[in-house]
Number of protein chains: 2
Amino acid sequence: MKQQPASPSIESRLRQCGMRMTPQRLAVAELMLGAPTHMMPQEVYEILHQQLPSLSPNTIYMTLDHFEQAGLLKKIFIDGKAVFDSCTDRHDHAVCRNCGTIRDVPCGSIEHTPLTLKRWHIHAESRVWSGLCPACSEMEKPS
Amino acid sequence: MKQQPASPSIESRLRQCGMRMTPQRLAVAELMLGAPTHMMPQEVYEILHQQLPSLSPNTIYMTLDHFEQAGLLKKIFIDGKAVFDSCTDRHDHAVCRNCGTIRDVPCGSIEHTPLTLKRWHIHAESRVWSGLCPACSEMEKPS
DNA sequence: TTTATTTCTAGTAATGATTCCTAAATGAGA
DNA sequence: TCTCATTTAGGAATCATTACTAGAAATAAA
C-alpha cells in the first residue's frame with residue numbers, strides 16, 4: 001500500500017527545469033521538497049542510503065546543487081557548513097550553538113541596502129542569529 | 001635598521017590574555033592587529049611563512065583561534081570559509097562574488113531581536129551581503 | 001643566572017566535507 | 001526498440017582543519 005505519491009508537482013517541477021527523472025532525484029525531492037526542512041548533504045545521504053543502498057554521497061551533492069540551481073532549494077552556510085533549505089523565500093536563520101537546531105526567522109520589512117554599498121550590485125543577503133534555543137537555554141540555567 | 005617595533009600595546013595585550021610571547025604570535029599579531037584586515041588562515045600562513053620559514057600552518061590555526069578567544073580577532077564565515085577580522089566591533093560584511101573582496105559594512109541602529117526569538121538567548125548575529133563590488137560591476141557591464 | 005616547569009611549535013598523520021574522474025547504467029526522445 | 005546524452009557509483013584526489021607527539025622555547029622559581 002503505497003503512500004500517496006509525491007505531489008505531482010514535484011516531478012513536473014523537476015522536469016520544467018530540464019532535469020531527467022531518476023529514482024535518486026525523486027527520493028531527494030520527496031525528502032527535501034515536501035515539508036520545510038534544513039538538511040546537510042550528509043544527513044540527506046544517511047537517510048536516503050537506507051532506501052537506496054547503492055546511492056553515493058556524490059549523487060547527493062550533485063542533486064542538491066542541481067536543485068539549488070533550479071531554484072528549488074536554497075543553500076545557506078551555518079558556521080561554515082553547507083545546509084540546504086527547502087524554503088526559498090526571503091528569511092533569516094537562527095542556530096542553536098548547543099544542539100544545532102536551525103530555525104527560520106522572518107525578516108522584517110525589506111530593508112534598503114546600506115549606503116556604504118551604494119555602488120555595489122547586491123544579489124543576496126544572509127543573516128544568522130546564533131545562541132541558545134529555548135530548550136537549551138532552560139537546561140543551562142543554574143539550579 | 002629595524003622597523004619600529006610593534007606598538008607596545010600589542011605585546012601587552014597578548015600578555016594580558018595570559019599568552020606567552022613567541023615570535024610566531026608576534027608575527028601574527030603584527031600582521032593582523034596593526035590595521036583593519038580580513039584574512040583567511042591560509043593567507044596568513046603564506047605571508048608569514050616567508051619571514052619565518054619554519055612556521056607551520058598548524059601554528060597559524062592555533063594562534064588565530066587563541067587570538068579569537070582572547071577577543072583580539074573575530075572569526076567570521078564567508079561562503080563557508082573561515083575569515084579572521086581584525087575589527088571586533090559590531091558590523092556586517094559585504095563580499096564580492098567575483099573577486100572575493102570583503103568590505104566592512106556598518107550596521108544601522110542596534111536592532112532588537114525579532115519576536116520569533118523571544119525565548120532564545122542570542123549571543124551573536126552575523127549578516128553578509130553578497131554581490132559585485134563597484135570594480136567588478138563595472139567590468140561586467142555590457143559594452 | 002641557572003634550573004625547573006609549563007606552554008608552544010613543527011611535522012606528520014588523520015579527519016571530514018567536497019570535488020574530480022571514469023566507466024557503466026539508464027532516462028527520454030526518435 | 002534503439003540511440004545518445006545525461007546521470008550514477010565508486011574510488012581517487014583535494015582542501016581546510018584538527019589531532020597527536022616529541023622536542024624547543026618561554027616563563028617562573030631558585
Side-chain angles (χ1 to χ4, degrees), chain A residues 6 10-29 31 38-70 72-73 75-84 100 102, chain B residues 6 10-31 38-70 72-73 75-84 95 100 102:
Chain A
I10 285 186
E11 196 164 327
S12 58
R13 280 169 82 189
L14 297 192
R15 284 187 199 285
Q16 276 176 11
C17 303
M19 272 190 263
R20 281 191 184 175
M21 193 50 41
T22 68
Q24 295 85 346
R25 284 177 177 178
L26 201 53
V28 173
L31 178 65
H38 308 95
M39 285 204 223
M40 296 176 43
Q42 195 176 330
E43 296 177 84
V44 175
Y45 172 72
E46 278 162 17
I47 292 172
L48 296 184
H49 180 59
Q50 307 192 356
Q51 48 185 93
L52 291 173
S54 74
L55 190 65
S56 85
N58 201 339
T59 301
I60 298 297
Y61 284 107
M62 304 205 70
T63 303
L64 291 174
D65 280 344
H66 274 135
F67 283 13
E68 191 216 353
Q69 280 158 34
L72 301 169
L73 292 175
K75 188 182 198 172
I76 60 176
F77 291 97
I78 301 283
D79 288 341
K81 284 162 220 151
V83 178
F84 287 84
I102 297 175
Chain B
I10 286 187
E11 198 165 325
S12 56
R13 279 169 82 189
L14 296 193
R15 283 189 199 282
Q16 276 174 10
C17 302
M19 271 189 265
R20 285 190 178 175
M21 192 51 39
T22 68
Q24 294 85 346
R25 287 178 175 179
L26 201 53
V28 173
E30 285 181 8
L31 180 64
H38 308 95
M39 284 204 224
M40 296 174 44
Q42 195 176 330
E43 295 176 84
V44 175
Y45 172 71
E46 278 161 16
I47 292 171
L48 296 185
H49 179 60
Q50 305 192 359
Q51 49 186 91
L52 291 172
S54 74
L55 191 65
S56 85
N58 203 338
T59 300
I60 298 298
Y61 284 106
M62 304 207 68
T63 303
L64 291 173
D65 281 344
H66 273 135
F67 283 14
E68 191 217 352
Q69 281 157 33
L72 301 169
L73 292 175
K75 188 181 196 172
I76 60 176
F77 290 97
I78 300 283
D79 288 341
K81 283 162 221 150
V83 178
F84 288 83
V95 55
I102 297 173

Novice: Rounded to the nearest Å, what distance is computed from the NE2 atom of residue B:His49 to the P atom of nucleotide C:dT9?
Specialist: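 Interatomic distance, NE2 of B:His49 to P of C:dT9: 16 Å.
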Novice: Can you tell which of D:dA16, C:dT18, D:dT8 lies closest to the side chain of B:Tyr61?
Specialist: D:dA16
Novice: Side chain of A:Gln42 only, please: which of C:dA10, C:dA17, D:dT7 is the nearest?
Specialist: C:dA17
Novice: Phosphate oxygens OP1/OP2 of D:dG10: is one of them under 4.0 Å from a side-chain N or O of A:Ser56?
Specialist: no
Novice: Would you indicate what B:Pro53 reaches in the nucleic acid, counting non-hydrogen atoms under 4.0 angstrom: base, sugar-phosphate, or nothing?
Specialist: nothing
Novice: Of the candidate nucleotides D:dT7, D:dG10, D:dT27, which contains the atom at the shortest distance from the side chain of A:Arg20?
Specialist: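 Ranking D:dT7, D:dG10, D:dT27 by closest atom to the A:Arg20 side chain puts D:dT7 first.
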Novice: A:Asn58 side chain: which of C:dT9, D:dT8, D:dG11 is closest?
Specialist: D:dG11
Novice: So if I take every side-chain heavy atom of A:Thr59 and compare against D:dT8, C:dA28, C:dT9, which nucleotide ends up nearest?
Specialist: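 Among the listed nucleotides, the one closest to the side chain of A:Thr59 is D:dT8.
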Novice: Under 4.0 Å: is that the gap between some side-chain N or O of A:Gln24 and OP1 or OP2 of D:dT7?
Specialist: no
Novice: Within the pair A:Arg15 and C:dG27, is there a side-chain N or O less than 4.0 Å away from OP1 or OP2?
Specialist: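 No, no such contact exists.
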Novice: Atom CG of A:Leu48 to atom P of D:dT8: distance rounded to whole Å?
Specialist: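 Between P of D:dT8 and CG of A:Leu48: 12 Å.
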Novice: Could you tell me how far apart A:Lys81 (NZ) and C:dG16 (C1') are, to the nearest whole angstrom?
Specialist: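 It is 10 Å, rounded to the nearest whole Å.
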Novice: With a 4.5 Å cut-off on side-chain heavy atoms, are B:His38 and B:Ile78 touching?
Specialist: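 No, side chains not in contact.
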Novice: With a 4.0 Å limit, can you tell me whether B:Arg25 has a side-chain N or O closer than that to the phosphate oxygens OP1/OP2 of D:dA26?
Specialist: no
Novice: Which heavy atom of A:Ala70 sits nearest to which heavy atom of A:Cys17, and what is that distance?
Specialist: CB-SG, 3.4 Å
Novice: Looking at every non-hydrogen atom in both residues, tell me the closest pair between A:Gln24 and A:Leu52 and how far apart they are.
Specialist: CA-CD1, 4.0 Å
Novice: When all nucleic acid strands are considered with a 4.0 Å heavy-atom cut-off, which category describes B:Pro41: base, sugar-phosphate, or nothing?
Specialist: sugar-phosphate
Novice: Take A:Thr22 and B:Asp65, find for each the nucleotide of DNA chain D with the closest heavy atom, and name the residue whose nucleotide sits nearer the 5' end.
Specialist: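 Checking each residue's closest nucleotide, the 5'-ward one belongs to A:Thr22.
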Novice: What contact category does A:Met40 fall into here, base, sugar-phosphate, or nothing, at under 4.0 angstrom with non-hydrogen atoms?
Specialist: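 A:Met40: no heavy atom of the nucleic acid under 4.0 Å.
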